[in-house]
Amino acid sequence: MMVVMKSGHSRDEFDGVMRRLEEVGLSGHPIEGAERTVIGVVGIVYPELSDELETMPGVDSTVRISSPYKLCSREFKPADTIVDVKGVKVGAGTVAVIAGPCAVESEEQVMTTARAVKERGASMLRGGAFKPRTSPYSFRGLEEEGLKLLAQARAETGLPVCTEVMSEATVDVVARYADVMQIGTRNAQNFFLLEEVAKVGKPVLLKRGMSASVMDWLLAAEYILAKGNRNVILCERGIRTFETATRNTMDINAIPLVKELSHLPVIADPSHGTGKWHLVEPVCLGMVAAGADGLILEVHPNPDHALSDGAQSLTFDSFERVMQRTATVAHAVGKRMEREAVGATA
Ligand code: PEP
Ligand code: MN
């Protein structure tokens, strides 16, 4: 339910509504619109509540939100959410590119990659320090050592850092270094983890679960918003289908659909979506044409020797080409690349 306040309501009237919601065990999530203040009500709403609230001073009306997800719905907030990561704006009508290795492997690897992606127009650096691997015998990341290397790359390049958090036990250590807390596909419905990560208060990049419907995905995002963190970037990274010719099936439909259903920014991950570096470029173009607010891409100085996801990693040269062609498509659909928009030269 949403409580729409009268224009010109007083602070006391607003506080009165928030207090009443708390008394009946509900939480109120205000948003200040250009004309009106509305309060999203989260919790189990009983039938008489709307009548009760509508008699309170300062309240104009109440409106039911029909979708099961509330705070991330367009019904609750019609205007696009712009997630600001240390000045990098995601969802502001631009294409923000997050690029870097799948896993942080060494100082040399992460520093050369950070410099290369910055030079070619990336807005943020990615890199996994805690890696979810299908086999326990694969390289599972440098852990805190890897986080320190990401912080070193940020200090030199100025690029904010996006890195995955895999467990509740490591939320604090990841939060000490990350600018964006990434939730991977395997944890996309780990609801306790989502809530713990939300509480950190930093922007969260929420990948779509590999077998999550759009509804499942938006309800996962709702867990984060319901804990008071509205800075969520959704990421389509491909889903499991019967098709085995590619690693996953990139769901292009999800981009415009989720943008209709939700105000949150949506980016695309063609690296994990395809699993093949030579498919990354055309899929990037398609995703941006379909309305993606950004891309997250794996880039490695020497993909043949990568400790994870080499087959889908771009070289510096292929990343450069992807950036140039993506910019062409972005311009064709009336957008700019995020770095261009802030006046940086790629
Ligand atoms: C990653 O970004 O490196 C990753 C593991 O992604 P996903 O969770 O989408 O598989
Ligand atoms: Mn990867």
Side-chain angles (χ1 to χ4, degrees), residues 96-105 109-110 113-114 117 122 124-136 138-143 146-147 149-150 160-167 170 174 178-190 193-194 197 203-212 216-217 220-221 224 232-241 246-251 254-255 258 266-277 279-280 283-284 287 292 294-315 319:
V97 177
I98 308 171
C102 176
V104 176
E105 298 170 4
Q109 175 240 23
V110 76
T113 309
V117 299
M124 279 189 245
L125 176 67
R126 62 149 290 147
F130 291 92
K131 291 303 304 175
R133 302 306 300 273
T134 302
S135 162
S138 300
F139 175 63
R140 294 167 69 184
L142 297 180
E143 304 191 346
L147 296 172
L149 294 174
L150 288 168
V161 160
C162 172
T163 194
E164 179 163 352
V165 53
M166 281 177 55
S167 63
T170 53
V174 175
D179 300 303
V180 177
M181 309 279 283
Q182 177 176 328
I183 303 277
T185 194
R186 293 160 187 81
N187 270 313
Q189 287 183 296
N190 181 342
L193 177 63
L194 295 177
V197 169
V204 179
L205 187 146
L206 176 63
K207 296 257 192 136
R208 179 178 181 177
M210 63 180 87
S211 42
D216 294 335
W217 186 19
I224 302 169
V232 175
I233 303 165
L234 298 169
C235 178
E236 165 62 46
R237 51 78 70 201
I239 49 175
R240 281 257 169 116
T241 66
T246 48
R247 183 173 179 182
N248 289 292
T249 297
M250 221 28 192
D251 182 5
I255 303 287
V258 171
V266 188
I267 70 165
D269 176 351
S271 304
H272 294 88
T274 65
K276 296 179 194 294
W277 74 268
L279 301 182
V280 167
V283 175
C284 283
M287 291 286 150
L295 298 166
I296 180 165
L297 296 171
E298 290 188 338
V299 179
H300 195 283
N302 189 357
D304 291 351
H305 289 76
L307 297 181
S308 67
D309 287 350
Q312 66 193 35
S313 296
L314 300 169
T315 60
F319 177 67

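The model shown is predicted, which means the values in this text are computed figures rather than measured ones. When a residue number appears, it is its place in the shown sequence, counting from 1. In each ligand, atom 1 is the first atom listed, and ligand 1 is the first ligand listed.
- Two residues are said to be in side-chain contact when any heavy atoms from C-beta on lie closer than 4.5 Å; Thr246 and Leu279 meet this criterion.
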Check the pair Arg247 / Asp309 against salt bridge (Lys or Arg N to Asp or Glu O under 4.0 Å), numbers first and verdict last. CA-CA 11 Å; Arg247 183 173 179 182; Asp309 287 350; 3.1 Å; yes

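- Within the listing of ligand 1, atoms 1 (C), 2 (O), 4 (C), 6 (O), 7 (P), 9 (O) sit less than 4.0 angstrom from a heavy atom of Lys207.
- For ligand 1 and Gly184, the ligand atoms under 4.0 Å from any heavy atom of the residue are 8 (O).
- Among protein heavy atoms, atom 4 (C) of ligand 1 sits closest to His272 NE2, 3.4 Å.
- Leu295 places none of its side-chain heavy atoms less than 4.5 Å from the side chain of Asp269.
- At least one donor-acceptor pair closer than 3.5 Å links the side chain of Gln109 to the backbone N or O of Ala103.
- Of the heavy atoms in Met210, none comes closer than 4.0 Å to ligand 1.
- For a threshold of 3.5 Å applied to N or O pairs, the pair formed by Arg247 and ligand 1 contains no separation below that value.
- Judged by distance alone, the side chain of Thr249 and the main-chain N or O of Gly238 form no donor-acceptor pair under 3.5 Å.
- Scanning the protein heavy atoms around atom 10 (O) of ligand 1, the nearest turns out to be Arg237 NH2, 2.9 Å.
- Closest to atom 2 (O) of ligand 1 among all protein heavy atoms lies Arg126 NH1, 2.8 Å.
- Lys131 contributes a side-chain N or O that, together with a main-chain N or O of Cys102, makes up a donor-acceptor pair within less than 3.5 Å.
- Atoms of ligand 1 found under 4.0 Å from any heavy atom of Arg186 (numbered from 1 in listed order, with element): 8 (O), 10 (O).
- Arg208 and Asp216 are not joined by a salt bridge, as no carboxylate oxygen comes within less than 4.0 angstrom of a charged side-chain nitrogen.
- Using a 4.0 Å cut-off between charged side-chain N and carboxylate O, Arg126 and Glu298 make a salt bridge.
- Which parts of ligand 1 touch Lys131 is read off a 4.0 Å heavy-atom cut-off, strictly below it: atoms 1 (C), 3 (O), 5 (C).
- Every atom of ligand 1 is numbered from 1 in the order shown, and the set under 4.0 Å from a heavy atom of Cys102 is 3 (O).
- Note: no N/O pair closer than 3.5 Å links Asp309 and ligand 1 by distance alone.
- Not a single heavy atom of Gly128 lies less than 4.0 angstrom from ligand 1.
- When only modelled atom types and interatomic distance are considered, His300 and Glu105 share a side-chain donor-acceptor pair under 3.5 Å.
- For ligand 1, the polar-atom distance check finds an N/O of Thr185 within less than 3.5 Å of one of the ligand's N/O atoms.
- The contact set between ligand 1 and Gln182, taken as ligand atoms under 4.0 Å from a residue heavy atom, comprises 1 (C), 2 (O).
- Rounding to 10 degrees, one finds that the Mn ion (ligand 2) sits at the corner of an angle of 100° between Asp309 OD2 and Cys102 SG.
- On a distance-only criterion, Asp269 and ligand 1 share no N/O pair closer than 3.5 Å.
- The backbone N or O of Ser167 lies less than 3.5 Å from a partner atom in the side chain of Thr170, making a donor-acceptor pair.
- Judged purely by atom type and a 3.5 angstrom limit, Arg133 uses its side chain to pair as donor or acceptor with the backbone of Phe139.
- The closest approach of Glu298 to the Mn ion (ligand 2), by N/O/S atoms, is made by OE2.
- Protein heavy atom at the shortest distance from atom 5 (C) of ligand 1 is Glu164 OE1, 3.7 Å.
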